[in-house]
Amino acid sequence: MASGEEDTEKRRGSTKFKRKELGLSCMLSTEVGAVLALIRRSQDFNSPYLPSDDNYEPATVNSLRSLRSLVFNLHQEWRTVDPSIYLTPFLDVVQADDVPASATAVALSSVLKILKLGIFDERTPGAKDALDAVANGITCCRLEKTDPVSEDAVMMRILQVLTAIMSHRASFLFSDQAVCTIVNTCFQVVQQSANRGDLLQRTARYTMHELIQIVFSRLAQIEVNDGEESSESDTGDIGVLESGYGVRCAIDIFHFLCSLLNVMDVVETEGSNNAQSVDEDVQIFALILINSAIELSGDEIGRHPKLMRMIQDDLFHHLIYYGTWSSPLVLSMISSTVLNVYHFLRRFLRLQLETFFGYVLLRASAVQLQEVAVEGIVNFCRQPTFIVEAYVNYDCNPFCRNVFEEIGKLLCKHSFAGNGPLTSLQIQAFEGLVIIIHNIADNIDKEGDSSPLGPYSNQITEYTPFWEEKEKDDNDLETWVEHVRIRKLQKRKMLIAGNHYIRDDKKGLEYIKHSQLISDPPDPKAFAFFFRYTPGLDKNLIGEYLGDPDDFHLQVLKEFAATFYFTGMALDTALRFYLETFRLPGESQKIERVLEAFSETFYDHQSADMFASKDTVLILSYSLIMLNTDQHNPQVKKRMTEEDYIKNNRSINAGQDLPREYLSELYHSISSNPLLAPTSTNQDMNPSKWTQLMNRSKEEKPFVQCDFFDRRICRDMFACIAGPAVAALCTFFEHADEEDLLHECIEGLFSVARIAQYGLEDTLDELITSFCKFTTLQNPYASADETLYLFSNDLRPRMATVAIFTVANNFGDSIRGGWKNIIDCLLKLKKLKLLPQSVMDSELQSANGSGDAFPVHSSKLGSRQVSNIASLLSFSSQDGREDSLIIGNEFEQNMNMIKQCRIGAIFSKSSNFPEECLQNLGRSLIFAAAGKGQKFNTPIEEEETVGFCWDLIAAVTLVNCHRFQSFWPQYHEYFVTVAQFPIFSPIPFVEKAVPTLFKISLRLLSSPQIDKLPEELVFKTINLMWKLDKEITETCCGIISQSVIQIVAEYPGNLQTHLGWKTVLHLLSLTGRHPETYDQSSETLITLLSDGGNISRINYPYCIDCAFSFIALRNSPLEKNLKILDLLSDSVNLLIQWQRNQYSDPGSNFSGMSNTSSSSSLEDNARSGSSNFIMNLFVKLGETFKKTSLARREEIRNYAVQSLHKSFDLADELQFTPANYINCFNLVIFAMVDDLHEKMLEYSRRENSEKEMRSMEGTLKISLELMTDVYLQFMRPISESNGFKTFWFGMLIRMGTFVKADLGQYGVSSTVQDLVPDLLRRIVSKMMEKDILVPREGDDLWEKTYFQIHWIAPALKDELFPD
């Protein structure tokens, strides 16, 4: 069953195949019949081209009839039949002279049909010969001159057949010559069609285009010979397949296309009026074909060195030559061609691309050419990696021009808007500039980039030869990037050295050494390259240096000459090029040395055997110099003839003559074109320069292709054009009227900000400063109403405002000096009532109210976010226009704009700012709060503005508490600076400052701080404010009292510094003077003293001072004063505890103490850990009681004496030294009784003061009793002191003085007179009992005491001294 089905299928397939074969036979028969019919018709009409003999049968007719008789009698497949059998009859018709055009056209159609039907393929026997026959037949097609229409039809058929044979699957069997012939035939049709119909012309050009595409698309299939890479021969470049045409025909065709660009030289000689337009058409057509060839072959051209050399030399030479002066259309096509070449083959075209930019696109002068050139530049800039490749290959190469920098500055120059409306050139240039900026921004801020974030310092730390280029290594990109950046820096140093060299050649060369551009010892090659490639040098100085006979100078001269490439140059051309780089010295010896170096290099580079030695070149070169002087010096009367010149140069070539024709050419070259001086060197691309470039390109390293952007390179790139770019961006924004252009400016601003965050802070500051002007908020001459009107009714100010604050939000950490302009705009919005507090509160609340002191990371603007933010700026000019007079609409529009600004977030994000940025922000706010650069219309406006500034200072400080000590010292210096301003007014500056500073201090003290410096810094500033306006305690009493009480009540344990406690307790005492705050303040102090855990040896002295200030207040409640005195006396227990614990109280650690606190003896002792510190604290306490004992109220005085007595009772455990006890007596007790006695005498001299005197007398009585008790308590250690006698006699003298004091009208004090004897009796008796006062040999204590008792109380003498 299966075998039957297979038989059926075979029969069906066989039947189908037979039908196909029969169909081909019928087709051929039909085509033969059609051609024969046309030939017979021409015979019927007695064609003059045929013989009149009736029996005559043309050979073409016979061959056609033979073919028709054969087509149905074949016994083999058509695929196996030699194609020449059925093609030759038709080709005979095509080539026949006696056939009309109509028959030729049909025959061509028949050939075309045979080719398209694919009757034969590459495996058919005779296929190659058949194709060659078709190609030859088409190229030899004969046309009789009939009507133009028929001729056009035949040409159309020829073009179709040419396309068909090249598209045929067996076309690869063509030889290179055949392909070239086919292309040439097609081009002949193109030329002939120029004067014919438009259809034929278009078809011919289209066919030519197709043929070029077919040929060059085949390059990818052509194998390269093993020796092709290094071969320089004509045959070494030939790529081969198994058979058929290869790269040879591609080379010839490409050479032919390049030659079409040079048709101008031929056409100009004809003198036709329309020659130029025809030439342009040919050039454009050639460029189209070249573009097509490059696009199709792509980088495959690079595999074929000879074809590549043709692009490097012929093509680029023509493109550069015609690009400098051709029409805009030709220049546009040339730019497109170079762009295609760059895309596929830039690796081989490093110097050619540089030359094209330098001589064509960057030098266009006419306005129309400038537009085309800018368009070409913009197209290059659209390529993803062009700008970085241009920078790396050229700007970072000391021997190349700064292509990227020149492109950027050219675009900035053309986009710089003037006073008139924007032109198309300005808009196009601005588009290119923005493309560059966006490209750099997208790559410098790329996510996942692992390159370093900074710093971006670039210094030459060691010598490296600047002429050596390191190849890019994908495995070690870091080293390569650093090498590129170093070379750029070396190039910059060379330019600086060149400027120095122009002013002073010695200083210039010294700078080269200082910049590490040369080695130690110096390398002559470094000097040679410096003289050769540094632009702008004084050519006279170079010539004098090179001609110097010093050995090192001679080495430099040799290396200088070695930098030239004279291969392929004529002698006069090479000499011209050599002398363009410097001015030939005047001395003959120097000239000889310079020419000798030239001759040696030129001779080494020559491949011909014309010169026997370098001496021949030297002599001939010298003769050319002399000839130039002879021919072109006006002082020479009799000039040298050609014969004279030839005669003078006889036998110079090793005794032989040089060819006469060669010398004649040299003579005429110098006679007609003098050797130009370096100052007048032609800047156009001449043949000598091009030859030099081609020779140099053989030695140059390949074009470096970059598929990545390193962040450091991106930063360096933009730094080259930063200034002009910012200026162009700002001026364009100022003059642009269309909203789309304004948005492009804003997007450009964001991209600049993204770039500037990587080490270009000055650029961002400049941009912000410029854009702030467009907000209309910084115009000092505009009134508030004018500013508000412009702001509400113009799109540009609102866009600029949102853009500025958006930049501040996202790139605030990169802003430095620009903060001043931002703050000025912000304050202006506040003055205009465009900044409601509600807009700020929501975002500042987190900064002011949060207790967290840790930085919050913020995200940067990415490439996607830029467009999103720009879309938010679409304040359409139609919004609110219909109802523009309605205040509500304007207000709502402004509020929406303010919300987009997110002003509060700027300050809440300041935790991410670096210190320099934070300091600049603080400086701007502080200076603005002090009135710097501000103009206030009313005191209320001033107060609101100053308060707003301090609110922002607080917001910034509170979110940066974690690094308070790093930025606040500079803030404090700013406070000191503004206090010295001539316009500075403490009011309201200080009034607004104090609440803010206490808010900051509360935040710092709200949690324990390891470092005590922040606390000390903030209280240092608080003290500064208090000194600026001491009445601040009156105006801000409430907030000061509330803050101080909160600190003492809630955070006493976190207050650790002397300055902090001193300030807080001092302000607490000041607030106690006010009746409304006295109760709270006094209770706070009592609570602090009652809780001994919060009292340390740091704050103890200040607690005593504060307590005394409350006690000394007039009309203060007696019970509170007595309570405070009790607490003070009880505080001696703390001294005892500290002494026992060896100063391990909470305030014993002074490691964080700074030198800014008070320098009192107590604090000094505390820092040094003196053993007398406890004694000093006790003395201070006693002095407080002493001062209190002079109070006006007797109850307080007496209680103070009693409290002092209590203190001494407790001090028994302090274990003072004898000297300390005597010191306590001298400073406290003796001073107290002396003061009381003096006060009593003072009252006794006043009238009507007996009551006061008697009251003071009572206090003195208590004090004397205290003195006696304390002495008796510490009598033993006191007596052991070396100063005991002085102490004892001082006590006796005081008692005698008190007893004998004259109270005037009141006589003497009977109370004291009665008291003193009793006290003396107790003291002396006790001293005798303790064997302190006893007669001793050599000791006069007993005797002097006896006389003192006798003087004070004679009645006691016998009682105490019975003997």
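Residue numbers run from 1 in the order of the sequence given.
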**Q.** Cation over ring face, Lys1120 and Phe1110, 6.0 Å, 45°
**A.** no

Q. Is the Phe989-Trp950 ring centre distance short of 6.0 angstrom?
A. yes

Q) Checking side-chain contact (heavy atoms from CB on, under 4.5 Å) for the pair Leu1181/Leu1177: CA distance, chi angles, key distance, verdict? A) CA-CA 6 Å; Leu1181 177 64; Leu1177 293 179; over 6 Å; no

Q.
Which heavy atom of Ser966 sits nearest to which heavy atom of Pro969, and what is that distance?
A. C-CD, 4.2 Å

Q | Heavy-atom pair of closest approach, residues Leu829 and Thr801 | A | CD1-CG2, 4.4 Å

Q.
Using side-chain heavy atoms (C-beta onward) and a distance below 4.5 Å, is Met1232 in contact with Asp1235?
A. no

Q: Could you tell me whether a side-chain N or O of Ser1069 sits under 3.5 Å from a main-chain N or O of His1066, the two making a donor and an acceptor?
A: yes

Q) So which heavy atom on Phe1185 is nearest to which on Ser1129, and how close? A) CZ-N, 3.7 Å

Q: Could you tell me whether a side-chain N or O of Ser1041 sits under 3.5 Å from a main-chain N or O of Cys1037, the two making a donor and an acceptor?
A: no

(Q) Tell me whether Asn1115 at atom CG has more than 12 heavy atoms from other residues, nucleotides or ligands lying less than 6.0 Å away. (A) no

Q: Sort out for me which residue in Asn1121, Leu1128, Ile1124, Leu1125 forms a side-chain contact (heavy atoms from CB on, under 4.5 Å) with Thr1188.
A: Leu1125

Q: Report yes if the side chains of Arg963 and Leu918 come closer than 4.5 Å at any heavy-atom pair, otherwise no.
A: yes

Q: Supply the atom-to-atom distance Asp1130 CG to Ser1090 OG, rounded to the nearest 0.5 angstrom.
A: 9.0 Å

Q) Say you draw a straight line from OG of Ser1131 to CG of Leu1127; how long is it, rounded to the nearest 0.5 Å? A) 8.5 Å

(Q) Taking the ring centre of each residue, are Trp968 and Phe975 less than 6.0 Å apart? (A) yes

Q. Can you find a side-chain donor-acceptor pair between Arg1193 and Ser1116 that sits under 3.5 Å?
A. yes

Q | Side-chain donor or acceptor of Arg1197 paired with backbone N/O of Thr1259 under 3.5 Å | A | no

Q.
Do Asn960 and Ser910 pair up side chain to side chain, a donor and an acceptor below 3.5 Å, judged on atom types alone?
A. yes

**Q.** 4.5 Å side-chain heavy-atom contact, Asn920 and Glu916
**A.** yes

Q) Which one of Trp819, Tyr971, Phe981 satisfies the ring-ring contact (aromatic ring centres under 6.0 Å, His included) criterion with Phe927? A) Phe981

Q) Is it true that atom NZ of Lys1123 has more than 12 heavy atoms of other residues, nucleotides or ligands lying nearer than 6.0 Å? A) no

Q) For the atom pair CD1 (Ile1039) and CD (Gln1042), what is the distance rounded to the nearest 0.5 Å? A) 5.0 Å

Q. Is there a side-chain contact between Lys831 and Glu944, using heavy atoms and a 4.5 Å cut-off?
A. no

Q: Mind running side-chain contact (heavy atoms from CB on, under 4.5 Å) on Leu1227 and Glu1183 for me, showing each step along the way?
A: CA-CA 7 Å; Leu1227 295 176; Glu1183 289 176 339; 4.3 Å; yes

**Q.** Step-by-step side-chain contact (heavy atoms from CB on, under 4.5 Å) determination, Ile898 to Phe805
**A.** CA-CA 9 Å; Ile898 295 298; Phe805 286 112; over 6 Å; no

Q: Enter the distance from Asp1079:CG to Glu1083:CD here, rounded to the nearest 0.5 Å.
A: 7.0 Å

Q: Specify the closest pair of heavy atoms between Thr1071 and Leu1068, including all atoms of both residues, with the distance to one decimal.
A: OG1-O, 2.7 Å

(Q) For a 4.5 angstrom cut-off between non-hydrogen side-chain atoms, does Val978 reach Lys932? (A) no

Q.
To check you understand the geometry: which heavy-atom pair defines the closest contact between Arg1003 and Leu958, and what is its length?
A. NH1-O, 3.2 Å

Q.
Using only atom types and a distance under 3.5 Å, with no angle test, would you say the side chain of Gln1056 pairs donor to acceptor with the backbone of Gln1009?
A. yes

(Q) Any salt bridge linking Lys909 with Asp813? Criterion: basic side-chain nitrogen under 4.0 Å from a carboxylate oxygen. (A) no

Q. Taking C-beta and beyond as the side chain, do Arg1073 and Leu1070 meet within less than 4.5 Å on heavy atoms?
A. yes

Q. Do you know the tightest heavy-atom contact between Glu1015 and Gly1060?
A. OE2-CA, 3.8 Å

Q. Are the side chains of Trp1061 and Phe1019 in touch, meaning some heavy atoms are under 4.5 Å apart?
A. no

Q) With a 6.0 Å cut-off on ring centres, are Phe1173 and Trp1138 close enough? A) no

Q.
Just verifying a value: how many Å separate Ile1045 CD1 and Leu1085 CG, rounded to the nearest 0.5 Å?
A. 11.0 Å

Q.
What's the separation between atom CD in Gln1202 and atom CG in Leu1122, rounded to the nearest 0.5 Å?
A. 9.5 Å

**Q.** Tyr1199 and Ile1111: CA distance, side-chain angles, deciding distance, side-chain contact (heavy atoms from CB on, under 4.5 Å) verdict
**A.** CA-CA 11 Å; Tyr1199 206 83; Ile1111 296 172; over 6 Å; no

Q) When you check the gap from the basic side-chain N to the acidic O, do Lys1180 and Asp1105 get nearer than 4.0 Å? A) yes

Q. How about Val1132 and Leu1214: do any of their side-chain heavy atoms sit closer than 4.5 Å?
A. yes

Q. Between the side chain of Ser1043 and the main-chain N/O of Ile1040, is any donor-acceptor distance below 3.5 Å?
A. no

**Q.** Aromatic centroids of Phe1208 and Phe1178 separated by under 6.0 Å
**A.** yes

